[in-house]
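Reviewing the structure listed below.
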Amino acid sequence: GKPTSDKEGIASWASVLDERGKELEKEYYGPDGHLLICAREGFARKTSRYDAKGYPIETSYFDGSNKPILAGGDAAARWTIEWDADGHPIHFRYFGTGNELLIAKPGYAGRDLKYDARGNQTEELLLDVHLKPVIGPEHWAIHRSTYDQWDHAVKDEWFDTESAPITLPS
């Protein structure tokens with residue numbers, strides 16, 4: 001018989017998994033057997049990489065011609081994450097179709113996180129395409145938190161791009 005497709009025109013899809021069951025690649029195909037952008041996902045092909053501990057370190061999105069495309073929940077062509085030795089994400093970066101840093105859907109091109117010795121997130125820094133502080137959608141560039149000996153947040157502070165304290169709009 002003739003291949004059929006769903007309402008988006010997708011006739012089939014295929015995934016490649018690693019030995020841990022992590023998805024390395026996903027592709028969508030039309031009835032003709034060629035790559036086709038899945039409207040629901042926003043891409044025809046996605047590739048992902050993981051580190052030795054199984055943490056995601058990179059995902060890239062491609063169109064039906066296998067060219068980078070802005071997709072995914074963050075509307076980037078590629079994103080990367082670096083992890084510290086304790087398994088905390090510390091550097092997030094978003095890239096455009098030309099592999100340049102991109103202000104993605106979250107409102108920034110990068111995000112750096114710091115943690116205290118007990119694993120509490122103590123700082124979040126939002127970055128522009130030059131990896132300089134940028135005011136994000138929640139009206140701050142830097143957010144710092146302090147914790148007590150029981151790991152309860154006891155102080156939150158927000159700062160502008162020059163590290164000057166700010167008051168958030170209500």
Side-chain angles (χ1 to χ4, degrees), residues 18 20 22-26 37-63 65-170:
D18 69 9
R20 297 172 292 222
K22 304 273 187 182
E23 188 173 69
L24 299 175
E25 190 171 314
K26 185 169 193 173
I37 292 175
C38 173
R40 180 181 67 258
E41 300 275 10
F43 61 86
R45 180 173 172 255
K46 173 180 82 169
T47 61
S48 298
R49 293 187 317 124
Y50 302 87
D51 68 12
K53 294 180 179 176
Y55 296 128
I57 58 172
E58 179 181 72
T59 292
S60 300
Y61 303 97
F62 303 92
D63 66 13
S65 300
N66 217 24
K67 293 184 177 145
I69 186 173
L70 301 180
D74 298 319
R78 182 171 71 94
W79 57 257
T80 62
I81 303 175
E82 291 180 40
W83 303 80
D84 70 13
D86 295 319
H88 302 109
I90 55 172
H91 302 297
F92 294 79
R93 300 292 184 263
Y94 298 101
F95 299 90
T97 57
N99 205 32
E100 74 286 0
L101 281 168
L102 165 82
I103 300 292
K105 191 174 181 180
Y108 44 84
R111 188 169 69 129
D112 286 353
L113 305 175
K114 293 182 181 176
Y115 302 86
D116 65 18
R118 295 183 313 276
N120 298 304
Q121 183 181 311
T122 57
E123 184 175 285
E124 180 174 9
L125 169 64
L126 306 181
L127 302 165
D128 68 11
V129 296
H130 305 290
L131 300 179
K132 302 290 183 200
V134 64
I135 299 292
E138 296 179 9
H139 311 288
W140 53 266
I142 304 165
H143 173 216
R144 292 189 182 120
S145 298
T146 305
Y147 297 83
D148 65 16
Q149 67 268 30
W150 299 285
D151 296 328
H152 299 115
V154 295
K155 184 176 182 183
D156 278 312
E157 299 174 288
W158 294 269
F159 302 88
D160 67 12
T161 58
E162 305 295 320
S163 294
I166 59 170
T167 301
L168 296 178
S170 43

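Values below: every heavy atom of this structure, side chains too, minus hydrogens, waters and symmetry copies.
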Should [X] and [Y] count as side-chain neighbours, where that means a heavy-atom distance under 4.5 Å?
X	Y	value
Tyr50	Leu24	yes
Asp128	Pro133	no
Phe95	Leu102	no
Thr146	Thr122	no
Arg93	Leu101	yes

Output the distance between atom [atom1] ([X]) and atom [atom2] ([Y]), rounded to the nearest 0.5 Å.
X	Y	atom1	atom2	value
Asp112	Leu131	CG	CG	7.5 Å
Trp140	Asp160	CH2	CG	13.0 Å
Asp51	Glu82	CG	CD	10.5 Å
Thr167	His139	OG1	NE2	13.0 Å
Phe62	Lys26	CZ	NZ	15.5 Å
Ile57	Trp79	CD1	CH2	9.0 Å

Under the side chain to side chain donor-acceptor pair (under 3.5 Å) rule, what do Thr59 and Ser48 come out as? Steps first, then yes or no, please.
CA-CA 4 Å; Thr59 292; Ser48 298; 3.0 Å; yes
So, for [X] and [Y], which heavy atoms are closest and what is the spacing to 0.1 Å?
X	Y	value
Pro106	Asp74	CG-OD1, 3.5 Å
Pro137	Gly107	CD-CA, 4.2 Å
Ile37	Gly42	CG2-C, 3.9 Å

Is it true that Ser145 and Asp156 share a donor-acceptor pair across their side chains at a distance under 3.5 Å?
yes
Using only atom types and a distance under 3.5 Å, with no angle test, would you say the side chain of Asp63 pairs donor to acceptor with the backbone of Ser65?
yes
If only atom types and distance count, is the side chain of Thr97 paired as donor or acceptor with the main-chain N or O of Pro68 below 3.5 Å?
no
Where does the angle between the aromatic ring planes of Tyr115 and His88 fall among parallel (under 30°), tilted (30 to 60°) and perpendicular (over 60°)?
parallel
In chain order, what residues pass the side chain to side chain donor-acceptor pair (under 3.5 Å) check against Asn66, with sequence neighbours excluded?
Arg45
Report the residue from Glu157, Glu124, Glu123 that forms a salt bridge (charged side-chain N to carboxylate O under 4.0 Å, His left out) with Arg144.
Glu123
Answer with yes or no after comparing the ring centroid distance for Trp83 and Tyr55 against a 6.0 Å cut-off, counting only values under it.
yes
side-chain contact (heavy atoms from CB on, under 4.5 Å) between Tyr94 and Tyr108: does it pass, once the steps are laid out?
CA-CA 8 Å; Tyr94 298 101; Tyr108 44 84; 3.9 Å; yes
For Arg118 and Tyr147, what are the C-alpha separation, side-chain angles and deciding distance, and is it a side-chain contact (heavy atoms from CB on, under 4.5 Å)?
CA-CA 10 Å; Arg118 295 183 313 276; Tyr147 297 83; 4.0 Å; yes
State whether the number of non-hydrogen atoms from other residues, nucleotides or ligands found under 6.0 Å of Lys53 atom NZ is greater than 12.
yes
Would one find more than 12 heavy atoms of other residues, nucleotides or ligands at under 6.0 Å from atom CD of Glu162?
no
Could you walk me through whether Thr161 and Ile135 pass the side-chain contact (heavy atoms from CB on, under 4.5 Å) check?
CA-CA 7 Å; Thr161 58; Ile135 299 292; 4.0 Å; yes
Taking it one step at a time, do Asn99 and Arg78 satisfy side-chain contact (heavy atoms from CB on, under 4.5 Å)?
CA-CA 8 Å; Asn99 205 32; Arg78 182 171 71 94; 2.7 Å; yes
Candidate pair Asp18 and Arg20, rule salt bridge (charged side-chain N to carboxylate O under 4.0 Å, His left out), full reasoning
CA-CA 5 Å; Asp18 69 9; Arg20 297 172 292 222; 3.1 Å; yes
Do Lys46 and Glu23 meet the salt-bridge criterion of a basic N to acidic O distance under 4.0 Å?
yes
